[in-house]
K.L.:
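To start, I am sharing the structure in question, which I have written as structure tokens.
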Amino acid sequence: MQLSSLRTEVLRMARRAHAAGLMKGANGNFSARDPGSGLIVITPSGMPYDVMTEADLVVIRPDGTVAEGDRRPSSETPMHTHLYRTLPDVHAVAHTHSPYATALALLGRPIPPVLPEMIKLGEEVPVAPFALPGTPELGERVAETLRRTGARAALLQAHGALAVGRDPEEAILRALDLEEVAMVYVLALQIGDPPNLPSDTFQRLREVYGLSGR
Ligand SMILES: [Zn+2]
């Protein structure tokens, strides 16, 4: 994939997340990796999404140094680069502070398998232990949580939410699905204790619909 089309896709991810209310102001950050060169296109630090253009995006090398662009890359660059280094099948990352997912993250409360569409998120949504925003340790905790559980989305303790994908489209759809599932789960918790799905649900979904999961 050319870097110019990757820029288009990263900006589209950020705009879709912003339009869907997944974050306010300049919160959150988005990136995608070019599988050929290993270069990463990432959103800039501290810039509101409604004025961001493709020219504002920053191209960084796998070690996080800037290869192209006038702006400072996202403060969460160390988390993004660590995820790409340790999860070779991941080529896009969407990190937001979407409110329902973040509310669960504050409580350190994972989302158990309560809805069939969670197959797209890896069946359950785990919580990555707290680390200071902007540090490599945050990337290590998130990568380890995704690797250990096989999940493709995670809650970041006392911080926010994150989804990964093989491409920007998959990552942003997972970020949107994650907030939807989190919202329904939080609402259900107000009136009761939602049960887990029967244990063979995801296996049957894969068989019946040919869906891919873990
Ligand atoms: Zn954040």
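Order of appearance sets the numbers: ligands from 1, and atoms from 1 within every ligand. Just so you know, residue 1 is the first one in the sequence shown, and it goes up from there.
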K.L.:
Ignoring water, what protein N, O or S atoms are under 2.8 Å from the Zn ion (ligand 1)?
P.N.:
His95 NE2, His97 NE2, His159 NE2
K.L.:
Do Arg174 and Glu169 meet the salt-bridge criterion of a basic N to acidic O distance under 4.0 Å?
P.N.:
no
K.L.:
When rounded to the nearest 0.5 angstrom, what is the spacing between OH in Tyr84 and CG in Leu39?
P.N.:
12.0 Å
K.L.:
Evaluate the criterion side chain to side chain donor-acceptor pair (under 3.5 Å) for residue pair Ser31 and His80; output intermediate values, then yes/no.
P.N.:
CA-CA 7 Å; Ser31 72; His80 289 250; 2.7 Å; yes
K.L.:
Show, in sequence, the C-alpha distance, side-chain angles and deciding distance for Leu121 and Arg152, and conclude whether the side-chain contact (heavy atoms from CB on, under 4.5 Å) test is met.
P.N.:
CA-CA 5 Å; Leu121 303 175; Arg152 300 288 86 182; 5.8 Å; no
K.L.:
Please name all residues satisfying side-chain hydrogen bond (donor to acceptor under 3.5 Å, both in side chains) with Glu68, sequence neighbours left out, ordered by chain then number.
P.N.:
Arg7
K.L.:
Using a 3.5 Å distance criterion without hydrogens, assess whether the side chain of Glu179 forms a donor-acceptor pair with backbone atoms of Ala101.
P.N.:
yes
